[in-house]
Amino acid sequence: MNRPKDSFLILDFGSQYTQLIARRIRELCVYSEIHPYHYDLSEIKAWTPKGIILSGGPASVLSDKAYKIDPQIFELGIPILGICYGMQLTCQMLGGEVEKADKREFGKAQIEVLDDSDLFQGLGSATRGSTTQGSPTQGLTVWMSHGDRIKKLPKNFIPIARSSNSPIAACKNKDASIFALQFHPEVIHTPRGKDILSNFIFKICKASPSWTMKSFIEHSAEKIKKQVGKNHVILGLSGGVDSSVTAFLLHKAIGTQLTLIFINNGLLRLNEEQKVIGLFQNQKHMNLKYVDASQKFLTELKGITDPEQKRKIIGRVFIEVFEEEAKKIPNAKFLAQGTLYPDVIESVSFDGGPSVTIKSHHNVGGLPPHMNLELIEPLRELFKDEVRLLGKELGMEEEFIYRQPFPGPGLAVRILGEITPERLDLLRKADSVVINEIKKAGWYRKVWQSFAVLLPIKTVGVMGDERTYENVVALRAVKSEDGMTADWVELPYDLLAQISSRIINEVSGVNRVVYDISSKPPSTIEWE
Ligand code: XMP
């Protein structure tokens, strides 16, 4: 494989943080690959990575079934950094001793740096990172998660950091070519962890930073081409950031071997279908199959008011329509999905390689197994902010890159009560006012989501001299990191006033606007 000159090998022992190691390295503009711990020695020799990192893992090196690496890896002359399990394994395999700690150490800890000449350069006593009040020694804050600890170091090894619980919190050999850490530098709870990895990569391994989104595109494209061969890939396009970036990346890799299926479920926002068609078909000439199934969805949803029933119907009809369309595409062997790293719950890649997942997040709602489509998930090592950078690099318009999340069931979960064409029309207009005003005021990118909800009640109002009896629209704006928890946003009063006044004046059938001031939990972001 054609790798960048300075690349790193991460040998995976099954830690849930292994992919974070890769992410941190990538943030330093350096390329890395994750492989199972039993990755072939001959492959490593042929590759000669600049450095090798041994990940953590849930097992104990004291167990009979402990995962080991080929001992010759320590003799290749390639610098090695062992993390947690990787540390214990390094020490054990090189002649040291590991023992079960009296108690499992989990969470934040303080370490004292004993040697700041290489791995901890810039992090010694004079330049320490954040400290915890009341800790016995003022040290570097790190994240520990281990049950075993080093009892005796191998010959020629010295400790370079200690903590009250781990007398050997970090160590190195005297040649300064093998290093090991009891804690996890890759997690954000180790605030200076990135500096430690940076020292390993640049000072110890002498790598140069050359890995960018541009190179990510080149490498992904090569991988996708190889995987797909002469077959065809289909992708369920929603118009959201993840599926759109996936489409751009695949298009770059395999061009006309990709068909996008964009299903209009009748629950989209104002002019959304034109925008999506414009971007993918008119502007970029991608193979786009636009399926207007809105009548089918709306007929099936007629008379339904229960939120769960709505969701189930939408999910089922989506699969029916998607399957029917997919059948018409000859040679379709792959299904591409915009699964991101946070969707991949736990890495068990050490047993079968980085492509194995416990759970795949189905952006298109989970397709029936008989469709027999193989998954392609080129974004599964990326976080949302990286996906946006990727989109930018692929030439996507900002409007698509910075779109707020929109739920699969669309406006159906924002219309409380029955979904009718009239009520959809009303909500679309109200929602469009919200989005326009939020954008105009510079709040669109500052909030996680901002939208309108149509309530199933009518209230009395007065317009001119007339009594009115019309609908209520609720306004929702939340901030959130990942959608799991959220807080309502303190939007400025003049912005709220402008939105309310425009909706009541411009959207006929609405005479009242209210603002939702509930956080998640105990509420949810969507109303249904
Ligand atoms: P809730 O309402 O559960 O929403 O607090 C959390 C986040 O998920 C989005 N959401 C969905 N996204 N399919 C999706 O793709 C769905 O069925 C769905 N339901 C909610 C919601 O917009 C918010 O960002």
Side-chain angles (χ1 to χ4, degrees), residues 8-21 34-41 44 51-76 78-107 109 111 119 142-174 177-187 190 193 196-197 200 346-354:
F8 282 71
L9 166 64
I10 301 166
L11 288 179
D12 185 17
F13 293 91
S15 161
Q16 54 178 320
Y17 304 134
T18 302
Q19 301 213 26
L20 278 181
I21 304 174
I34 301 174
H35 288 277
Y37 68 92
H38 48 75
Y39 190 53
D40 211 62
L41 183 70
I44 303 177
I52 299 174
I53 296 178
L54 311 178
S55 85
S60 162
V61 295
L62 299 171
S63 130
D64 294 342
K65 288 187 237 129
Y67 305 115
K68 300 240 157 111
I69 54 173
D70 192 317
Q72 287 187 59
I73 290 178
F74 293 107
E75 288 155 23
L76 295 172
I78 299 173
I80 290 177
L81 174 67
I83 295 173
C84 201
Y85 182 93
M87 174 196 217
Q88 290 139 18
L89 185 73
T90 301
C91 290
Q92 192 198 49
M93 287 186 70
L94 295 176
E97 269 179 58
V98 177
E99 65 178 357
K100 203 166 175 48
D102 297 339
K103 65 178 178 43
R104 194 176 162 75
E105 199 177 6
F106 183 81
I111 59 160
L119 195 61
V142 299
W143 182 260
M144 296 275 194
S145 171
H146 63 106
D148 296 340
R149 64 178 191 180
I150 309 301
K151 185 176 170 193
K152 191 175 133 244
L153 282 172
K155 213 169 136 216
N156 286 331
F157 269 69
I158 53 168
I160 54 173
R162 69 175 167 218
S163 74
S164 51
N165 248 323
S166 301
I168 304 166
C171 63
K172 68 172 181 186
N173 66 352
K174 287 193 180 143
S177 59
I178 301 177
F179 293 81
L181 301 170
Q182 187 58 86
F183 58 90
H184 290 271
E186 69 275 26
V187 302
T190 300
I196 297 170
L197 289 172
F200 178 69
E346 279 184 334
S347 155
V348 284
S349 56
F350 69 103
D351 240 358

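Just so you know, these numbers come straight off a predicted model, no measurement behind them.
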Side-chain donor/acceptor pairs under 3.5 Å, residues 82-94, sequence neighbours excluded:
residue, atom, partner, partner atom, Å
Tyr85, OH, Tyr67, N, 2.9
Tyr85, OH, Tyr67, O, 2.7
Gln88, NE2, Asp148, O, 3.2
Thr90, OG1, Gly86, O, 2.6
Gln92, NE2, Val61, O, 3.1

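Applying the side-chain contact (heavy atoms from CB on, under 4.5 Å) rule to Pro159 yields the partners Leu114, Leu153, Ile168; only residues at least two apart in sequence or on another chain are considered. Under the rule for a side-chain hydrogen bond (donor to acceptor under 3.5 Å, both in side chains), Asn165 has no partner lying at least two apart in sequence or in another chain. With sequence neighbours excluded, the residues satisfying ring pair (Phe, Tyr, Trp, His ring centres under 6.0 Å) with His184 are Tyr17. By the side-chain hydrogen bond (donor to acceptor under 3.5 Å, both in side chains) test, Asp40 is found to be paired with Ser42, residues two or more places apart in sequence or in another chain being considered. Residues meeting the ring pair (Phe, Tyr, Trp, His ring centres under 6.0 Å) test with Phe157, sequence neighbours left out: none. Partners of Lys155 by side-chain contact (heavy atoms from CB on, under 4.5 Å), not counting sequence neighbours: none found. Listed by chain and residue number, nothing satisfies the side-chain hydrogen bond (donor to acceptor under 3.5 Å, both in side chains) test with Glu97 (two or more places apart in sequence, or in another chain).
Put simply, CD on Glu186 and OG on Ser55 are 8.0 Å apart, with the number rounded to the nearest 0.5 Å. In this structure, Ile10 CD1 and Ile52 CD1 are separated by 11.5 Å, a value rounded to the nearest 0.5 Å. Separation of atoms CD1 (Ile69) and OH (Tyr37) is listed at 11.5 Å; rounding is to 0.5 Å. Note that CD1 of Ile80 is 11.5 Å distant from CZ of Phe179, once rounded to the nearest 0.5 Å.
Under the 4.5 Å side-chain criterion, counting only non-hydrogen atoms from C-beta, Leu119 is in contact with Leu181. At least one side-chain heavy atom of Glu105 sits less than 4.5 Å from a side-chain heavy atom of Ser163. Side chains of Leu81 and Leu197 form a contact here, defined as non-hydrogen atoms less than 4.5 Å apart. Put simply, the side chain of Ile73 reaches to within 4.5 Å of the side chain of Leu11, judged on heavy atoms. With contacts defined as side-chain heavy-atom distances shorter than 4.5 Å, the pair Ile196/Phe183 qualifies.
The heavy-atom pair separating Pro58 from Gly14 by the smallest distance is CD-O, 3.5 Å.
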For this session: Any chance you could lay out the side chain to side chain contact (heavy atoms under 4.5 Å, CB included) test for Leu41 and Leu76, step after step, and finish with the verdict?
Result: CA-CA 10 Å; Leu41 183 70; Leu76 295 172; 4.2 Å; yes
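Checked by atom type and distance alone, the side chain of Asp12 never pairs as donor or acceptor with a backbone atom of Ile34 at under 3.5 Å.
Among residues at least two apart or in separate chains, salt bridge (Lys or Arg N to Asp or Glu O under 4.0 Å) pairs with a member in residues 161-171 are Glu112-Arg162.
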